[in-house]
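Below is one structure, written out as structure tokens, with a few remarks after it.
What you see is a predicted model, and the numbers here were worked out from it, not measured in a lab. Protein chains get the first letters and strands the later ones, always in sequence-line order, with residue 1 at the start of each.
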Amino acid sequence: MSKYPEYKQLNLPQISADMLRFWEEQKTFEKSVTSREGKTPWVFYEGPPSANGLPGIHHVMARAIKDIFCRFKTLQGYQVKRKAGWDTHGLPIELAVEKGLGITKEDIGNKNSPKYLSVEDYNKACRKEVMKYTDKWEEVTKKMGYWVDMTDPYITYDNKYIESVWWLLNNLYKKELLYKGFTIQPYSPAAGTGLSSHELNQPGCYRDVKDRTATVQFKIQNSKFKINSDLYILAWTTTPWTLPSNTALAVGKDIDYVLVESFNPFSGKLQTTILAKELLNKYFSEKNAELKFEDYKAGDKNIPFKIVGQAKGSELAGITYEQLLPFVKPEGDAFKVVVGDFVTTTDGTGIVHIAPSFGADDFQVARKNNISSLTLVDKRGKFLPQVQDGVFLYGEEFVKEAYLSDEEKKTEFEKQKKILEAAGKIKELKAYLSVDERIVLKLQEEGKLFKKETYEHSYPHCWRTDKPVLYYPLDSWFIKSTAAKDRMIELNKTINWKPESTGTGRFGNWLENLNDWNLSRSRFWGIPIPIWTSEDRSEQICIGSVEDLQKEIANAVAKGAMKENPLKDFKSGNNSEENYNTFDLHKPYADNIVLEKNGKKLFREPDLIDVWFDSGAMPYAQLHYPFENRSLIDNGLSLSQGRGSAAKGSEGEGAAVAAFPADFIAEGVDQTRGWFFTLHAIATMNFDSVAYKNVVSNGLVLDKNGNKMSKRLGNAVDPFITIDKYGADATRWYMIANAAPWDNLKFDVDGISEVQRQLFGTLYNTYGFYALYANVDNFLIDEKDIVPVKDRQELDRWILSKLHSLIKDVTELYETFEPHRAARLIEEFVDEHLSNWYVRLSRRRFWKGEMSTDKKAAYETLHECLLVVAQLMSPIAPFFGDWMYQNLTSPIREKAIANKTPLQYESVHLTQLVKAETNIIDVNLEQRMALAQKISSMILSIRKKENLRVRQPLQKIQIPVLDKETQAKIEAVKDLILAEVNVKEIEFVDESKTQIVKNLKLNFKTLGKKCGANMKAVQAYGGENGTKIIHDIESTGKHILNVNGAEVILETEDVEIIPVDIPGWKVANSGPITVALDVTISDVLKQEGLAREIVNRIQNLRKDKGLDVTDRILVKIQENAVLNTAINNNLNYICSETLTGDLQLVQNLNNATATAVEVDETISTLISIEKLN
RNA sequence: AGUCCCGUAGCUCAGUUGGUUAGAGCACCACACUGAUAAUGUGGGGGUCAGCGGUUCAAAUCCGCUCGGGACUACCA
């Protein structure tokens, strides 16, 4: 006969290992998908991680969230396919390779470099690098119990994947949503590439930096003002290195400016300067206005000044000035004052230095005013050779200190020291001087500096190289996302965001302020832009498939533009791996292709595309759409846009198979501007559809002190260690239950052990209890022979009612993506209701007597509870849930398979989710039981106060009851209370029998509305006249009072009358409930109490001796006058409780075999037990 | 710099229309219970609900300001 497995100890890591083996052997994950064949699909997209970094604990968090809903939907009967993916392109990989090989961007493909590496070899290295930690990722995926199909992942560097991406791009090209433009963009010299705005918006990109800033004076040439000295215009800059590229100054049209006569603080020369009136006192201290000009000596700290003129910004426009640092002369118009609408008076002088090449506003205002530009910095972030004066500037220098390595800085410093000290500019140079500092020194020497200071402001940094970004004029391909802005906003409103605020706020605001998407990346390892252009830009071809490319090359070969076709082996229409491995679409191969159109040679646009486009294209590219699986996307489009015939049914069958859009995606909140956006943008612009319907953006995982985890700080939690130690289930449960997914989680391993003890320990014990007694009784669940719920006793019906309420609530919470609340409800059910009430109160039913209907009902009830909990928890704790399911069901599996009953499945993850049966939910019953729990707790608290142990039976509880309904409820659960608190009877009392003291409680909610401002007076009145009010309300239903001349009628609803005391009794009260306990102990009660003590001592001895729960025993007790009576009067009770076959009272018990026990404070004796038969 | 979110016990969190003495779990102390017990029960200590001001009969809850934390936005010269 089959038995339920019994265990010695809970070992969660062991359970995980066992289940993992089981799943692998049984192919449970595969079955959970294939067994749903033909059912409605529930579409999930896996955001591709990059395998060149190690997985962290936050990945466990993010993947737990994904896993929960995929498993839950599978339980509901949907088919949930989960294709893994790898993000393989992009800067992080390139940088890792460069670092590994000890090269920089300038060495790649540059034959003049001593460290030359061909693009071909470089890309080979990238291809290898990107899969470096694949095994670690697979391991963590497996160990944490994340079900995703890693056998056939999508890989963004695959030719098939690239072909789909090209198809999408060509689609946008055809819609004229791709264009090439020249703009000022964030550019990272260190990475050698422009950065898109969403890259710049990665958290941590903007950092506070201290910069040397300067207020500079530009000498005006054609002044119309009548003044006594040279006239200068003041402008402030935080980037002095852009000053050599200055070609204009911008003023605010309506801003008031003043002309101030004063002395240059450095040279002491008399001069007149222009600045905004509002900012006058920032540069000229008010108290210095009193000083006399004739008293001033060069070098004085306090410099006199006087206002000698005033002008609006619009009047200043058109003034020309001398070039500040004439290293290079610009072609065309320059050095003019222009009007700019972005100019404010919050900072600086109210006049903005314009270097059109290094600022977006600068660029625009210059273009508008026909001002030419100077670009005296190259793409490496170095000055052009012309920017040198031999003393302060040396040409070809990095403009930002952060770009220099320590070594370079040292070399530069030595050079500077030599030159500057020799020139007598600095007596002893102690540290490297930045370009900014030296420009300021040069300006100071030339009398062009007005003020210098250090200024802290936030400045964008490259998210990968950590170096500051430059704004730089770049040629780039853009996606015209602004054209689809309104539609994206509209479609976003149909997406269910968790939490909502991320969708409306963070994402919504982002869409409102959308810029065009800069697609270009000047790197090597990525998807090439599939556009070929003639040198004169008159002819252009965008390629949308390998077949297209093959044909175009064939044409080029025919026209002599190319010698041979690198795609000659490709067979169009053949989607096999072999066919797609006959070529490579990456650099340098793509660049070697030259096309031909109308007699002109076409060359590939050199850029790669932003990797974010790669991942945003995954819904289609993972399916090689539209070259394969065409219907999976197209069906989805018809369905979601209401053009399909069959509405997507829930759990229904026969719906059209679709894999678009996703029903669900989940990633970190940091992906809002990343993957969430690119998915949305690509779907909107290509298909006029959302890419996902539900999205959970989860928060950060912080350390237990709320700090960000980082390898550098050493506070990062290793997921492998944590999972090995505590098991995946406890780790997952802790992370899910502790905080809402979208809140940041303070990760504390102590929290995991708490979950381990409280939830898993309790469940394990509860199962152990079931298994122990079911095996003793040779009981097995029989799905076809179950006691009907209506025939089970109150306690059973109660826990089942609770259980079905739980099913209902948990299902709803999973449906609305609130897993933390589902987890908390399950915890509460297991701990408070199942273990600490149902099992505790039912224990005797399991170990008493022969099999009966009631006993059977108890087993069935407990079994159902455990089984359902196993199922409800399985999405969060997949190992333990399955383990418990298998323990509870494996003994009857064969029978269930034969009968095709619900328990036929070998794993909980293959089962069908139970549905809440509303007719089992009995609210009234749940209220009754809550009352029983409350009253029991109150009685126990009286016992505690009176120092009366629970083993001592007491006679009577009195409960004053004011309404019949409550009384009936308590009546129904009376026996449970009495058993729980060891009292013999409950008596309901009212005034007719007993004097009851009552308190009056006013209902502020109803009274507040009734009396408004008189509330305080009524409150005071109520406090003084409680007894009278109670009397009136009880007899007539109302009480009339006068406050401040107003009449207030107190009615039943306005007051609560609470019995609080019965004189002469020990009383406890809580809310409206009051209980009283009779604490007198009669002789009979005393004897019963002693009998129970004896039972307890015998039980302890049985346990100590290691007897089996079914062993019968012989008990010998040393005589004692008081004890004898107690034992004799309760002999049957003692014997049946302890399975004693024979109880002997002996005069002298042998000390050697007996144990001395204290029965109570006054009685001691000796007891010995031995096993019978 | 601006916008938004948050601030409740030592820790983790509940506390949706404003309503009487602000709750739970963990941790700590004491006592008890235990033939499922790495559990549990009862009691205890622990809170100016970040601070200040306002609205109101009544504020953890609504409003304003300040402080602290976080996220987002930003070419801010």
Write down the protein N/O and nucleotide N/O pairs, taken from nucleotides 1-4 of chain B, whose separation is under 3.5 Å; answer none if there are no such pairs.
none

Measuring only the C1' atom in each nucleotide, how far is B:C76 from B:A22? A whole number of Å is fine.
46 Å
Counting the atoms with a prime plus P, OP1 and OP2 as sugar-phosphate, which does A:V950 contact under 4.0 Å by heavy atoms, base, sugar-phosphate, or nothing?
nothing
Any side-chain N or O of A:Y773 below 4.0 angstrom from OP1/OP2 of B:A36?
yes
Please tell me if A:T762 has a side-chain N or O lying less than 4.0 Å from either OP1 or OP2 of B:U37.
no
Indicate the atoms forming the closest heavy-atom contact of A:V950 with A:R943, along with that distance.
CA-NH1, 3.4 Å
Measure CD/A:E827 against P/B:A14 and give the value in whole Å, please.
13 Å
Could you tell me how far apart A:R943 (CZ) and B:G41 (P) are, to the nearest whole angstrom?
17 Å
Whole-Å gap separating C1' (B:C75) and CG (A:N246):
16 Å
Which part of the nucleic acid, if any, lies within contact of A:N738, taking any heavy atom under 4.0 Å across all strands shown: a base, the sugar-phosphate backbone alone, or nothing?
sugar-phosphate
Rounded to the nearest angstrom, tell me the gap between atom OH in A:Y838 and atom P in B:A36.
15 Å
Between protein and nucleotides 25-29 of chain B, what N or O pairs are separated by less than 3.5 Å?
unit_1: B:G25; atom_1: O2'; unit_2: A:E754; atom_2: OE2; d: 3.3
unit_1: B:C26; atom_1: O4'; unit_2: A:E754; atom_2: OE2; d: 3.3
unit_1: B:C26; atom_1: O2'; unit_2: A:E754; atom_2: OE1; d: 3.4
unit_1: B:A27; atom_1: OP1; unit_2: A:R757; atom_2: NH2; d: 3.0

With sequence neighbours excluded, what pairs up with A:W241 under the ring-ring contact (aromatic ring centres under 6.0 Å, His included) test?
A:F358
